[in-house]
Amino acid sequence: MDRADFLKTLAEKTDGGSLRGDYSTADEHYVVEQHWDAYTPEQHALWRKLYERQAKLLPGRACELFIDSLDKLNAADAIPQFDRTSDALFAATGWRLVAVPGLVPDHTFFEHLAERRFPVTVWLREPHEFDYIVEPDVFHDFFGHVPLLFDRVFAEHLQEYGKGGLKALRLDGLQYLARLYWYTIEFGLIQTSQGLRAYGAGLLSSGGEIAYCLDSSLPHRIRFDAARVMRTLYKIDTYQQTYFVIDSFQQLFDDTAPDFTPIYSQLKTLEPLPANALLPNEVNFLSK
């Protein structure tokens, strides 16, 4: 898909037929300048409110590794300057942040991850979107995703995911890999010595679902199995009906390391599972 087709596809997905980001200055990798000086005092104030609200929800809900890494970023007072964080991130795990205008094509996204570059959207939501936003903005991307990139095992997993994504495009396996990303990187839970904790960015940056995913008796919480995850549909407009639980980031890395080619072939012969499915042999983790 060339750029014109990609932008047309994005526009068709929006209510007003227009894009949130400015793609006019993006290079061939959809990278732009952050232009940190262009953020307004009102936008920095909104960032502070978002950060303060979310930080209060993390203790007892987010995994400790995330909380520790977030604290070290010193990002509470203003929208972060990507280049400064990028230098610290590169020193820690060899990753860098790249500024993007918004959503990017799948191939481009996977290429960035495979090269240890994490795309971060430059624009911030509007005040009326404080509690819910459809597209990922700078708060979701930075607050939700960046802290765990300072962990070497998690960072290695995300790079391998990028490489796997490029392969999935060739094997017509994108829908299966998208489910894996959704249920882990965005909405994953981890079992710790303190109990269940969230590590998915969609949970960690959400004002409501971070509590729901751990405290509510409604959703299923199922032990992670890569093939099971890739067979499971998901909801984009409600809280999740199922969460998958890993024991450690090392398990996530190890369990997603094998070649997915035979799994894709098998899944193509099976009907997908509903988002609320609980199979007979599965144990539902209790709420926190």
Side-chain angles (χ1 to χ4, degrees), residues 21-23 25-41 43-52 54-55 58 62-105 107-125 136-163 165-166 181 184-186 199-202 204-205 249-250 252-253:
D22 179 7
Y23 290 76
T25 62
D27 67 14
E28 66 271 22
H29 304 294
Y30 287 80
V31 174
V32 298
E33 295 292 330
Q34 185 187 11
H35 293 303
W36 187 86
D37 292 338
Y39 293 120
T40 66
Q43 288 175 315
H44 288 300
L46 177 58
W47 172 277
R48 287 192 293 272
K49 290 179 182 178
L50 286 163
Y51 191 105
E52 181 181 12
Q54 211 59 30
L58 296 180
C63 64
E64 288 299 320
L65 181 61
F66 177 88
I67 294 176
D68 292 344
S69 295
L70 180 66
D71 289 343
K72 294 174 183 177
L73 290 178
N74 296 316
D77 295 332
I79 298 171
Q81 297 185 50
F82 296 170
D83 55 350
R84 294 182 179 180
T85 303
S86 197
D87 290 342
L89 183 59
F90 185 79
T93 59
W95 277 73
R96 290 197 180 278
L97 305 182
V98 291
V100 294
L103 298 171
V104 300
H107 188 274
T108 301
F109 180 69
F110 293 139
E111 280 187 333
H112 280 308
L113 298 187
E115 296 297 327
R116 301 177 87 90
R117 300 187 300 260
F118 192 81
V120 180
T121 301
V122 295
W123 55 266
L124 181 67
R125 68 191 68 185
D137 69 340
V138 62
F139 184 76
H140 168 85
D141 285 349
F142 191 97
F143 186 99
H145 284 288
V146 172
L148 286 183
L149 287 172
F150 282 84
D151 178 71
R152 289 191 175 276
V153 176
F154 188 86
E156 290 289 339
H157 164 71
L158 201 55
Q159 181 183 27
E160 292 305 311
Y161 179 88
K163 294 177 181 178
L166 294 173
Y181 190 92
T184 57
I185 306 303
E186 290 292 350
Y199 73 89
L204 297 167
S205 62
F249 292 133
Q250 189 63 53
L252 181 62
F253 179 84

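Heads up: numbering here begins at 1 and tracks the sequence.
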Side-chain contact, heavy-atom cut-off 4.5 Å: Leu70 with Phe150?
no

Measure the spacing between CH2 of Trp123 and CG of Asp22 and express it to the nearest 0.5 Å.
13.0 Å

Say you draw a straight line from OH of Tyr23 to CG of Leu103; how long is it, rounded to the nearest 0.5 Å?
5.0 Å

Looking at every non-hydrogen atom in both residues, tell me the closest pair between Ala155 and Thr93 and how far apart they are.
CB-CB, 4.0 Å

Please find the pair of heavy atoms, one from Arg125 and one from Asp137, that lie closest to each other, and give the distance.
NE-OD2, 2.8 Å

Are His112 and Val31 side-chain neighbours, meaning at least one heavy-atom pair lies under 4.5 Å?
yes

Is any side-chain heavy atom of Leu50 less than 4.5 Å from a side-chain heavy atom of Leu124?
yes

Applying side chain to side chain contact (heavy atoms under 4.5 Å, CB included) to Arg48 and not counting sequence neighbours gives His44, Ala45

Can you check whether Pro80 reaches Trp47 side chain to side chain, under 4.5 Å on heavy atoms?
yes

Determine the minimum heavy-atom distance between Ala55 and Phe143, stating which atoms define it.
N-CZ, 4.3 Å

Side chains of Phe82 and Val146 in contact at under 4.5 Å (non-hydrogen atoms)
no

Residues in side chain to side chain contact (heavy atoms under 4.5 Å, CB included) contact with Gln159, at least two apart in sequence or another chain
Trp95, Arg116, Glu156, Lys163

Residue pairs fulfilling side-chain hydrogen bond (donor to acceptor under 3.5 Å, both in side chains) with at least one residue in residues 63-91, sequence neighbours excluded
Asp87-Arg96

Kindly compute the distance separating CG (Leu149) from CG (Leu97), expressed to the nearest 0.5 Å.
7.5 Å

Test side-chain hydrogen bond (donor to acceptor under 3.5 Å, both in side chains) on His157 and Gln250; report intermediate values, then the result.
CA-CA 9 Å; His157 164 71; Gln250 189 63 53; over 6 Å; no

Side chain to side chain contact (heavy atoms under 4.5 Å, CB included) involving Ala62 - partner list, sequence neighbours excluded:
Leu58, Phe66, Ile67, Leu204

What are the two closest heavy atoms between Val120 and Val138, and how far apart are they?
CG1-CG2, 4.2 Å

To the nearest 0.5 Å, what is the distance between OH on Tyr181 and CG on Leu113?
6.5 Å

Got a sec, which residues hit ring-ring contact (aromatic ring centres under 6.0 Å, His included) with Phe110, two or more places apart in sequence or on another chain?
Tyr161

Kindly give the heavy-atom pair with the smallest separation between Tyr199 and Cys63, and that separation in Å.
CB-SG, 4.0 Å

Keeping Glu111 on the side-chain end and His29 on the backbone end, is there a donor-acceptor pair under 3.5 Å?
no

Could you work out, with ring-ring contact (aromatic ring centres under 6.0 Å, His included) as the rule, every residue matching Phe253, not counting sequence neighbours?
none

Find the distance between CZ (Phe109) and CZ (Arg117) and round it off to the nearest 0.5 Å.
12.0 Å

Rounded distance (nearest 0.5 Å) linking atom CD of Glu28 with atom OG1 of Thr108:
10.0 Å

